[in-house]
Number of protein chains: 2
Amino acid sequence: MSERVVPPTARQRRRPTKQGVVLSEELIVGTALRLIEEHGADALSVRRLGRALGADPSSLYRYFRHTDDLMLAVADELIGRTLRTWRPTGDWVADLRDLGLRMHAGALAHPRAATLAAHRVTGRAHEIRAVESILGVLRRAGFPDREAVRIYHAFVDQALAFGALDSAGTALPRAAREAETQVWRTTYGRLPAETHPHIAATARHLVATMRVSSYPAALDLFLTAARTHLGQLRARTGASRPH
Amino acid sequence: MSERVVPPTARQRRRPTKQGVVLSEELIVGTALRLIEEHGADALSVRRLGRALGADPSSLYRYFRHTDDLMLAVADELIGRTLRTWRPTGDWVADLRDLGLRMHAGALAHPRAATLAAHRVTGRAHEIRAVESILGVLRRAGFPDREAVRIYHAFVDQALAFGALDSAGTALPRAAREAETQVWRTTYGRLPAETHPHIAATARHLVATMRVSSYPAALDLFLTAARTHLGQLRARTGASRPH
DNA sequence: ACCTTATGACAACACCGTTGACCTGTTAAG
DNA sequence: CTTAACAGGTCAACGGTGTTGTCATAAGGT
């Protein structure tokens with residue numbers, strides 16, 4: 001049993017399942033994504049995935065060493081779909097804003113998968129392409145290498161983190177989500193000014209704002225700060241804009 | 001069996017377990033926190049918790065309807081501990097930085113609880129106190145109500161989102177985490193400059209930076225942008241610093 | 001001292017990921 | 001065209017999980 005998994009390229013004897021399905025890494029990943037979308041993140045288990053595929057659960061271990069491996073593959077597929085239509089224009093602030101909003105939207109479109117995949121490094125093709133692109137945008141903008149990496153890291157993590165956070169919100173059962181807005185409206189909306197002056201003064205805005213994602217605001221603050229930072233770097237080194 | 005759980009106030013017949021322990025909500029929550037701290041996030045299961053308490057697992061269902069309930073109670077306790085020692089000094093940037101780092105650290109110390117609680121509004125005492133305090137800091141700094149709420153929202157969500165993201169990282173089994181740094185070192189560290197110029201140029205920094213949380217960097221960028229924003233507001237309205 | 005009943009214990013259910021042993025159709029070599 | 005190797009699908013089992021229906025018993029009020 002020393003090694004159960006075979007690299008996808010070397011795979012050749014593709015024998016169909018008892019139920020007539022020919023397995024493949026792509027089919028498995030695709031089915032996993034579909035399962036997550038349709039029945040929630042908890043619906044993804046090796047056994048259920050096997051059932052959905054028409055194969056014995058243990059067959060999957062011929063393709064992935066363990067569940068973690070499978071999740072990485074799913075995550076990479078998500079990254080690929082998110083980036084497929086992104087085209088940098090040369091305006092780095094606009095490009096990053098666009099990309100950030102895309103990542104966030106992608107996460108919201110696949111809430112369960114995003115929650116599971118946000119914190120992993122896949123080291124797979126799609127991810128590598130993404131890293132290269134974003135670093136390119138930042139370095140062309142004029143950030144020195146160390147700063148480019150710092151900004152890159154914070155940017156990506158922010159997008160992933162907010163994506164996961166907001167995903168988790170939308171993934172809540174309907175009743176729970178309505179209960180939340182109700183908490184804002186009643187509990188916070190009715191605190192007396194004597195005991196809670198600041199909440200009372202802003203209650204109107206709180207109720208209106210708290211059910212909308214704060215990511216766009218956070219992203220704009222982030223980009224503002226990054227631009228300011230770049231300006232200071234340029235001023236200090238006396239460098240002009242490249243190209 | 002209509003309702004198994006009894007409100008804590010109504011609890012009266014405190015019979016010890018077979019092993020002589022007298023259960024209580026506080027004891028259970030405390031033990032759960034201890035378990036998480038000592039043996040990692042996935043050491044917390046109903047059965048293990050029961051064993052650690054010296055009680056049958058099913059006894060816990062007299063105190064919490066299900067594991068989620070227990071985790072929320074743990075999270076609430078966490079909020080309390082995080083805020084207990086925070087004292088605003090009057091320097092709003094320093095205060096918010098301090099609070100953000102505290103929230104992040106608290107999340108890291110209790111990954112499972114943080115992940116679960118990040119996207120919920122409890123409307124409970126600790127949370128209300130936190131909202132009032134932060135809004136107070138921002139309004140005293142001079143932000144008008146609408147802006148104070150916007151900044152508040154983004155600030156809190158950023159802290160929670162990064163907390164949950166980084167928590168998920170530390171909650172990973174040891175092997176998986178080492179695999180991640182290995183991916184950065186080998187996969188990304190060895191890409192040729194011809195195909196991936198930007199990654200190759202910054203590989204050194206990538207390897208060093210990516211295993212550290214980017215939250216402090218993101219937080220500083222956030223605060224920088226907020227300060228800039230406040231300055232612009234002041235300039236536009238010609239208002240001076242209050243007090 | 002007795003009754004009620006809150007609360008702990010037990011046993012069972014339906015899941016989960018993972019693995020070792022087995023079986024069989026595909027494929028490449030002769 | 002035959003045949004032998006072995007990739008890859010299947011089966012059964014292990015030890016874990018959360019949860020619940022039922023039972024028994026000791027605590028507390030009377």
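Basis for what follows: all heavy atoms, side chains included, without hydrogens, waters or symmetry-related copies. In what follows, chains are A, B, ... by sequence order, proteins preceding strands, each numbered from 1.
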On the nucleotide [N], are OP1 or OP2 found under 4.0 Å from the side-chain N or O atoms that [X] carries?
| X | N | result |
| --- | --- | --- |
| B/Thr17 | C/dG8 | no |
| A/Tyr63 | D/dG9 | yes |
| A/Ser58 | C/dT18 | no |
| B/Lys18 | C/dC10 | yes |

If I take atom [atom1] in residue [X] and atom [atom2] in nucleotide [N], what distance separates them, rounded to the nearest angstrom?
| X | N | atom1 | atom2 | value |
| --- | --- | --- | --- | --- |
| A/Phe64 | C/dT18 | CZ | C1' | 16 Å |
| A/Arg51 | D/dT10 | CZ | P | 14 Å |
| B/Arg62 | D/dT19 | CZ | C1' | 13 Å |
| B/Asp56 | D/dT19 | CG | C1' | 12 Å |
| B/Glu25 | C/dG8 | CD | P | 13 Å |
| A/Tyr61 | C/dG17 | OH | C1' | 4 Å |
| B/Leu35 | D/dT17 | CG | P | 12 Å |
| A/Leu49 | C/dC15 | CG | C1' | 16 Å |

Base [N] to side chain [X], donor-acceptor N/O within 3.5 Å cut-off:
| X | N | result |
| --- | --- | --- |
| B/Arg47 | D/dG18 | yes |
| A/Ser45 | C/dC15 | no |
| B/Arg15 | C/dG8 | no |

At 4.0 Å (heavy atoms only), tell me whether A/Ser59 reaches a base, stays on the sugar-phosphate, or touches nothing.
base
Closest listed nucleotide, where the reference is the side chain of A/Leu23 and the choices are D/dT19, D/dG9, C/dG8:
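My answer, after comparing the listed nucleotides, is D/dG9.
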Among A/Phe162, A/Tyr215, A/Phe155, which residue satisfies the ring-ring contact (aromatic ring centres under 6.0 Å, His included) criterion with A/His104?
A/Tyr215
Would a 4.5 Å heavy-atom cut-off, applied to side chains only, mark [X] and [Y] as touching?
| X | Y | value |
| --- | --- | --- |
| B/Ile134 | B/Val156 | yes |
| B/Val21 | B/Leu27 | yes |
| A/Tyr188 | B/Glu127 | yes |

Separation between OG1 of A/Thr67 and CG of A/Leu72, rounded to the nearest 0.5 Å
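Rounded to the nearest 0.5 Å, the OG1-CG separation comes out at 11.0 Å.
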